[in-house]
Amino acid sequence: MFAVHPVPPWPRHPQAWVRELAAIRQMLAKIPDDDGPVVVAGDFNATFDHKRYRDLLSGPYRDAAMEVGAGHLASYHADWRLPPVIAIDHILVRDAAVTEVGLVDLPGSDHRGIRASLML
């Protein structure tokens, strides 16, 4: 199980974000196929519109929300007067069955939490 939080691509120069997503991809690629289930969760600071995020899904890793058809799970900005509209928090799985995915309120946070029920 891994918790990740790469730097945001904005307002900084996005190169640090690109490097950190590449480092996550390299780390995941090093995990042997026979090591069992892998769960990677966190604030990826990326949506499905970002190719760098989609690149993480090009191998054996799957986005939990996509697996169950949960749709757009808007988790950010949860501390505005308007509801969150951006889905940048994700759970990736390898060798695990996703049975349910949803969001939870986190009082005091600028994100809503994402949760998944998994069969390992």
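Worth saying up front: this structure is predicted, and the values here are computed from it rather than measured. Just so it is clear, the values below take in all heavy atoms, side chains as well, and ignore hydrogens, waters and symmetry mates.
Side-chain heavy atoms closer than 4.5 Å link hydrophobic residues (I, L, V, M, F, W, Y) into clusters, and following such links, even through other members, never connects L28 to V98. In this structure, V68 is not a member of the same hydrophobic cluster as V40, with clusters built from ILVMFWY side-chain heavy atoms closer than 4.5 Å. Hydrophobic clustering (side-chain heavy atoms under 4.5 Å, transitive across Ile, Leu, Val, Met, Phe, Trp, Tyr) groups F2 together with L57. A continuous path of hydrophobic side-chain contacts links L118 to I114 [ILVMFWY only; heavy atoms under 4.5 Å]. Hydrophobic clustering keeps Y61 apart from M119 (ILVMFWY residues linked when any side-chain heavy atoms are closer than 4.5 Å, directly or through intermediates).
Between the E20 side chain and the V7 main chain, a donor and an acceptor come within less than 3.5 Å of each other. A donor-acceptor contact shorter than 3.5 Å is absent between the side chain of Y76 and the backbone of D43. The backbone N or O of T99 lies less than 3.5 Å from no partner atom in the side chain of S117, so there is not a single donor-acceptor pair. Looking at H13, its side chain does come within 3.5 Å of a backbone N or O of Q15 through a donor-acceptor pair. Counting only distance, with no hydrogens or angles, the side chain of R25 and the backbone of L56 share no donor-acceptor pair below 3.5 Å. Side-chain atoms of R115 never come within 3.5 Å of backbone atoms of E100 as a donor-acceptor pair (strictly under, hydrogens ignored).
Once rounded to the nearest 0.5 Å, the distance linking CG of L21 with NZ of K51 reads 11.5 Å. Between R54 atom CZ and T47 atom OG1 the span is 8.5 Å, to the nearest 0.5 Å. To the nearest 0.5 Å, the span separating CG on D55 from CD1 on I24 amounts to 12.5 Å.
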Could you pull out all donor-acceptor pairs under 3.5 Å where a side-chain atom in residues 83-94 meets a protein atom, sequence neighbours excluded?
residue: D89; atom: OD1; partner: H111; partner atom: ND1; Å: 3.3
residue: D89; atom: OD2; partner: S75; partner atom: OG; Å: 2.4
residue: D89; atom: OD2; partner: H111; partner atom: ND1; Å: 2.8
residue: H90; atom: ND1; partner: Y53; partner atom: OH; Å: 3.4
residue: H90; atom: ND1; partner: D63; partner atom: OD2; Å: 3.3
residue: H90; atom: NE2; partner: A46; partner atom: O; Å: 2.7
residue: H90; atom: NE2; partner: A87; partner atom: O; Å: 3.4
residue: R94; atom: NH1; partner: I31; partner atom: O; Å: 3.3
residue: R94; atom: NH2; partner: P32; partner atom: O; Å: 2.9
residue: R94; atom: NH2; partner: G36; partner atom: O; Å: 3.2

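Few gaps surround CZ on R112; more than 12 heavy atoms of other groups in view lie less than 6.0 Å from it.
Of all non-hydrogen atoms in A116 and V101, the two that sit nearest each other are CB-CG2, 4.0 Å.
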